[in-house]
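Below: one structure, written as structure tokens.
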Amino acid sequence: KEVFIRLYQEGLIYRWDYIINWCPRCKTALSDLEVEYEQIFVKFYYLKYPLKESDRFITVATTRPETMLGDTAVAVHPEDERYQDVVGKRILLPIVQREIPVIADPFVDMTFGTGCLKITPAHDFNDFEIGLKHHLEQIRVIDDAGRMNKNAGPYHGMDRFECRNQIVEDFKRDGVLAKIEDYRHMVGHCYRCKTIVEPTLSLQWFVKTKPLAQHAIRAVQEGRTRIIPSVWEKTYFEWMENIKDWCISRQIWWGHRIPAWYCDSCGQTIVSKETPPSCHSCHSNRLTPETDVLDTWFSSALWPFSTMGWPKETKLLKRFYPTSVLVTGFDILFFWVARMMMMGLKFMNDVPFKDVYIHGLVRDEKGEKYSKTRGNVVDPIDLIDRFGADTLRFTLAALTMPGSDLKLSESRTEGYRHFANKIWNASRFALMNLNDLHPKTMVIHLSPEAFSLPDRWIRGRLNHTIREVKRSLENYKFHEATHLLYQFIWHEFCDWYLEMIKLFLYQEGDKQMKELTQQTLLEVLESILKLLHPFMPFITEEIYQHLPSQKDHESIMISKFPEPDPDYDDEEIEDEMNLVIEVISALRNIRGEMNLPPGQQIIGLFRTMEKELEQKLRRNQSFIRSLAQVKELKIGKEMERPLYGAFVGVREIEVFVPLERSHMEEEVKRLQKEIIRIEKESSLLKKKLSNEQFLSKAPPEIVQEVKEKALAFQNQQERLEESLNKIKRILG
RNA sequence: GGGCGGAUAGCUCAGUUGGGAGAGCGCCGGCCUUACAAGCCGGAGGUCGCAGGUUCAAUCCCUGCUUCGCCUACCA
């Protein structure tokens, strides 16, 4: 009421006989946004109107012949040579026998139809405007229920579509129907009941939106409100700049009643918060209250401040206006966001929110928008039953790409259910191995050097993950955050870290090393759970409560979000770990390609001239042995290549695996495949390096990088070929 | 009619200061290895829609075209 009255007093709300979209079934006015346009196939009728005092006819074309009963003119283009002589003449409208003028208006498209446009000001938007311009009479022929009214003469009481058929029949009978064509066009339907809407002249309440929109435009231009992703800004501006006055009255029985009364004696309109005792101007006490209610979006537009106690200056209002972010779908950018902007700026003198995050819509498998009416909605409860609430939440976050819709994919959902399961199992493994850990004895501050390679590595990777996840969240890139977490948890934490630390956890040897490992395991798992918690609230809370570090059972959701620990940003450790991973992968590759089952133990021979690499290999022998299932490792400068064996190059290391003679055929194939791959890469780089332009114009660090790569590839290729030749010689 | 977005592996889609082509699912081969077979290990698979242009260098920037989709509109 407060808002309505203030706007009314400022002249921003007015009541006017205007052309609006009307739903004859719901019997209410509809705003532009409540009308859905849909393509339908109809007939295009050519009607012959007789010119008065002449035997000529003017032919007009229409898809709605029943509206001819309300015609008050026929318009032609002022420059249309075909009709120069008839402008100003009069037409005797068939059936109702009304005299109407032929007028000239540049709005008419000479190339469309016959170039003659019938004008029905009371039942067409354009005709209404033309009617105002030419002071034409407005004659309603269709009533609020979609029936022909008394102005329709013989058709009075007929349904509008029934009347359409009858009029066509009558025109045919009278020989004034020129022709009928098939035609398809967009027709407005009521968004609620899907009935074809009827543009109708009607007395309604309107808000003058132009003055409100100006401020809303400027707020976004000046960045006081950011729309994310920014592509939607353009849509927002487009709409705001072309905004039309907003019809806010609805003839339905639910909603806020418009606070207005009409004096039965003098016709005065009274807008007031309370029921007025009498008319302000004639003092009559015979007042009729307005029965129209407000468009639901009118009240929704007030949400950011009316929910905080406005118009009182409450603490809540001070604290929560403006809010930081509004998250919503683009489909209500205009319905709601734009209106909240306008009302917020008007009544609070400030934007209602700093950021508007526009996400896509979840669509069905065919990519169609969910619709309550069509019933193609996927029930989230059903998905939760089948996949789990955490899985669904994570999946939605992962599939949400800013600026585009998502088709809910069941295979992706299933993949993330596996991920949730993986987390569960990994945590079970961790908890099993932490049950003898007493947090009290945990060493709080130890230098990184005290920890094992995998410990230092995983903490470094955790740092990286924390930073990237935070960055993604700050930029509303939820899919990036989920991908980062998936990758880190599954492929770094589970695949490598957990596998490697089994050495320390299972072996009853170095007790201190075991405790340090347990400490890292606990801390990293705890961080993982916290990072994951926004995406998988239930499983993370459940596991978190079982961690030995959580004795007071506070919820994970109020725990501190993880921060990176710079002590563990260590490139050398990362590099050493990568070497270990590369070596293990190389051995696994041989095993896989040679079809050697894991049960079959192999021996690894490592030849390298570089002291540092040799040391690193020696340091990490136990990891290599355990993860690559190698029973014996031999490392050194003078390592002989075995007579029958597979070869893989890792950096400056030659890795050999002794095999049987019978494997050699397979090895030849493997080497050839590898050589082809390397050659392809290598030739591309060589081509680059032989290009003078590249050498002189590309940034030096890029050139250097390419040179190094080319050299490495060449080395690799030579050794592969050497290996291949040796085998060929042996095999004869 | 106007505007916007997409076209990348068999499918669904990621990929911005231009230099490495990627993920999930599916597919092929090998494994019940004491957290997990809803799993582990290895592997195959792509002139990044087409044609030009800019650049030493284009999936990425520019132009045109083909094609799919969305929003929007006052051709009666």
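Because the structure is predicted, anything quoted here is derived from the model rather than measured. Proteins get letters first, then strands, A, B, ... in listed order; numbering begins at 1 in each.
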Partners passing side chain to side chain donor-acceptor pair (under 3.5 Å) against [X] (at least two apart in sequence or in another chain):
X: A:N126; result: none
X: A:T59; result: none
X: A:E574; result: A:R461
X: A:Q518; result: A:D436

Partner residues of A:F57 under the side-chain contact (heavy atoms from CB on, under 4.5 Å) criterion, sequence neighbours left out: A:K48, A:P50, A:V176
A:Y476: ring pair (Phe, Tyr, Trp, His ring centres under 6.0 Å) partners, not counting sequence neighbours: A:Y357
Checking all strands, does [X] fall into the base, sugar-phosphate, or nothing category for heavy-atom contacts under 4.0 angstrom?
X: A:Q600; value: nothing
X: A:H123; value: nothing
X: A:R428; value: sugar-phosphate

Each nucleotide N or O in nucleotides 43-46 of chain B that has a protein N or O under 3.5 Å away: list the pair and distance.
residue	atom	partner	partner atom	Å
B:rG43	OP1	A:N589	ND2	2.8

Selection from B:rA35, B:rA38, B:rG24 that lies nearest to any side-chain heavy atom of A:Y486: B:rG24
Under 3.5 Å between N/O atoms: give me all the protein pairs with nucleotides 15-21 of chain B, atom names plus distance.
none

Collect all protein-nucleotide pairs involving nucleotides 73-76 of chain B in which both atoms are nitrogen or oxygen and the distance is under 3.5 Å.
residue	atom	partner	partner atom	Å
B:rC74	O4'	A:N126	OD1	3.2
B:rC74	O4'	A:N126	ND2	3.4
B:rC74	O2'	A:N126	ND2	2.9
B:rC74	O2	A:N126	OD1	3.4
B:rC75	O2	A:D109	OD2	3.3
B:rA76	OP1	A:H185	ND1	3.2
B:rA76	OP2	A:Y183	OH	2.2
B:rA76	N6	A:D109	O	2.9
B:rA76	N6	A:F112	O	3.1
B:rA76	N1	A:D109	N	3.3

Where RNA chain B forms stems, i.e. three or more consecutive Watson-Crick or G-U pairs with both distances under 3.5 Å: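 Consecutive-pair runs (3 or more) involving RNA chain B: B:1-7 with B:66-72, B:10-13 with B:22-25, B:27-31 with B:39-43, B:49-53 with B:61-65.
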Any donor-acceptor N or O pair under 3.5 Å, side chains A:Y46, A:E181: yes
When you compare the protein's N or O atoms with those of nucleotides 59-63 of chain B, which come within less than 3.5 Å of each other, and at what distance?
none

Check nucleotides 27-34 of chain B against the protein and report each pair of N or O atoms closer than 3.5 Å, with its distance, or say if there are none.
residue	atom	partner	partner atom	Å
B:rG29	O2'	A:N595	OD1	3.3

